[in-house]
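Here's the structure we're looking at; comments come further down.
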There are 2 protein chains.
Amino acid sequence: MAGATRKALKTDAANAITADLVAVLVAVTEGEPKIMTIANDGALPSGPFEFAHRSLQTGLRAWVEAQTGHPLGYVEQLYTFADRGRAGGAKSPHSISISYLGLTREDKVGQGFEAHWSGWYEYFPWEDQRAGLPASLAKTLTSRLRGWSKSAATTSLQRERWQRAAITFGFDGREWNEELVLQRYELLYEAGLIPEAVRDGAPATSVIPGRPMTGDHRRILATGIARLRAKIKYRPVVFELMPAEFTLLQLQRSVEALAGRLVHKQNFRRLIEQQQLVEETGAIAGDTVGRPAKLFRFRHAVLAERAVAGTKLPLSRT
Amino acid sequence: MAGATRKALKTDAANAITADLVAVLVAVTEGEPKIMTIANDGALPSGPFEFAHRSLQTGLRAWVEAQTGHPLGYVEQLYTFADRGRAGGAKSPHSISISYLGLTREDKVGQGFEAHWSGWYEYFPWEDQRAGLPASLAKTLTSRLRGWSKSAATTSLQRERWQRAAITFGFDGREWNEELVLQRYELLYEAGLIPEAVRDGAPATSVIPGRPMTGDHRRILATGIARLRAKIKYRPVVFELMPAEFTLLQLQRSVEALAGRLVHKQNFRRLIEQQQLVEETGAIAGDTVGRPAKLFRFRHAVLAERAVAGTKLPLSRT
DNA sequence: TGGCTTATACTTATCCTGAGCATAATCGAA
DNA sequence: TTCGATTATGCTCAGGATAAGTATAAGCCA
């Protein structure tokens, strides 16, 4: 073991690999969450980690800025995986993908770039539960997943499969858990219900709606969405996605867009205000219907004042 | 950008690197959290990722089993970083470290290996708040951190530094947050109060207690502890560290050992039981002082029944 | 038997959360 | 001008979760 450790410290040319940096870049515009995509919206932006980069994050920031023409704000690492077996043949040169979640505003993106913004629910239609699922999609999901369950060999396996589907998708009167984005994607993959599964060799059944992506990119996107949905509840990261000034309803709509579900308006306001996450600018929002709303800005001081502070979701059942 | 993407898909020999797998292996024995260490307890076990490994996790499992003689149970990825600049010269071959958190039981480790178990509080004495800090350590910490704050150039910078110290360490009557392990470590590093900082070029001040490690290993350990402390609250991972049968007090002691703080006994039991995390075995613990306790086992069924279930910490202020 | 230790059942006060009602302020159409 | 639609905002209320404490049970040992 000490031998193994020492060996790792030398250059081991035989085990040399390359590293790719993959970015899930998120913005929210008019209550819709967007992600930056390339390759005709079929891939997440990604670039190689090069020697010139001083660190992984530096590398990521460097080429994201080169792509969008604007600096990246909040960045956090998502996951690292080795993609042999999937992309490329079994004997292809090894490569590692290191994925990141980045938050910006859509208006920060420059012109003249191949990259552009797509709505993230195009890739995960079932994740948008704000208005409930379209009846057709709901029907498709349940019937296909029930079919998959039934196709298991033994009764107990069948029960197990259905239980898993019911938990992740909130069937049988269970609650919908918006954080299980990745679990839902993986379940659908296993069940062979998405194009990527068919591409990777699953029997070609009819596939459910939702735009696929190259390689593992939709899985990475799922990871990013899940992370973000979890994070807004205990860290004030939504504000990275908001303009400098906003109304409480705009803030609420952004949170709802990310979480994919509606929240109780009054309780939402109570939480935001009692946590002192925002302060009034004194100005009033123009061009609105109904009673005009006060404008607020994020109180950057909270970052220094407290270790934790989030936007809990006061969920509404309606 | 499309160019950059395509470039990443080819082998770029010039940017080839090697990847190391680093493990934070945790066990809890008699109410003390332990980690597996090598190199005279100065390093975490680590091994190279090799072509023979089908995936990163497979690689990790492979050589951990080779080291301990026993299979690894729960494993989760922690963080990936490129270590140029720190270890090795600026022009040394690039290498990436991918770190993992693994949970086992101490009795599972075989004999005849260099690796062995050390208490994790040897590396982070200030993280054990179960009996409060030893007065001497508490005094050292506050005075050194106050000194660091005072050494800032401007008054506002001084205030900022002290506020940060107060938040992460719970000074000035603030609450101690057991999850801020990494933030505390990084603060101490910045303040030049730990050996690693001096090694990396900080002015050689007198250093606070706590055993250092090679390279970034203590930082990785901090990441692992933080992750585990957060995770036990919403996923039933403590049970990975428990024997098959245990009393509720033993379970409580394990949780307290990991969290570094005490919990309210009665409320702890209520939480565990109402969540139906455990079931009675029917047996009674022997060789105890006081009234004998019932033995329990983990209800593995909860993993299938629910998406989330944790061991919330009913903290006691005493 | 009394004292020590741990286990376990209950009680209580407080705070948090979900939910709903009521009122205010604006615009536009009748 | 008034009514309705729409959004903003203040307030109440019931139920549940939480923190903390009290009380009792069941062993061991001197």
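In what follows, chains carry the letters A, B, and so on, assigned in the order in which the sequence lines appear, proteins first and then strands, with residues in each chain numbered from 1.
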- Can you name the salt bridge (charged side-chain N to carboxylate O under 4.0 Å, His left out) partners of B:Arg184, sequence neighbours left out? B:Glu127

- Query: In chain order, what residues pass the side chain to side chain donor-acceptor pair (under 3.5 Å) check against B:Ser118, with sequence neighbours excluded?
  - Reply: B:Thr37

- Message: Nearest whole Å is fine: how far is D:dT9 P from A:Leu248 CG?
- Response: 6 Å

- Message: Please tell me whether B:Gln183 and B:Thr168 have a donor and an acceptor in their side chains that are separated by less than 3.5 angstrom.
- Response: no

- Query: Can a side chain N or O of B:Lys265 be found less than 4.0 Å away from OP1 or OP2 on C:dA7?
  - Reply: yes

- Item | Nearest-angstrom distance from the residue atom CD of B:Gln252 to C1' of C:dT6 | 11 Å

- Residue B:Leu249, side-chain atoms from C-beta onward, closest of D:dG10, C:dT6, C:dT8: C:dT6

- Message: Rounded to whole Å, how long is the line connecting atom CD of B:Glu273 with atom P of C:dA7?
- Response: 12 Å

- Message: Base contacts versus sugar-phosphate-only contacts with protein, heavy atoms under 4.0 Å: please encode nucleotides 21-30 of chain C as B, S and - from 5' to 3'.
- Response: B--BBB----

- How do B:Arg270 and B:Ala293 order along DNA chain C: which one's closest nucleotide is nearer the 5' end? B:Ala293

- Applying side-chain contact (heavy atoms from CB on, under 4.5 Å) to A:Gln276 and not counting sequence neighbours gives A:Arg299

- Item | Non-neighbouring partners of B:Glu273 that pass salt bridge (charged side-chain N to carboxylate O under 4.0 Å, His left out), sequence neighbours left out | none

- Item | Rounded interatomic separation in angstrom, taking CD from A:Gln274 and C1' from D:dT9 | 16 Å

- Starting at CZ of A:Phe296 and ending at C1' of D:dA8, how long is that distance when rounded to a whole Å? 10 Å

- May I have the distance from A:Asn267 (atom CG) to D:dT9 (atom P), rounded to whole angstrom? 15 Å

- Message: Restricting to salt bridge (charged side-chain N to carboxylate O under 4.0 Å, His left out), what partner residues turn up for A:Glu179, sequence neighbours left out?
- Response: A:Lys233

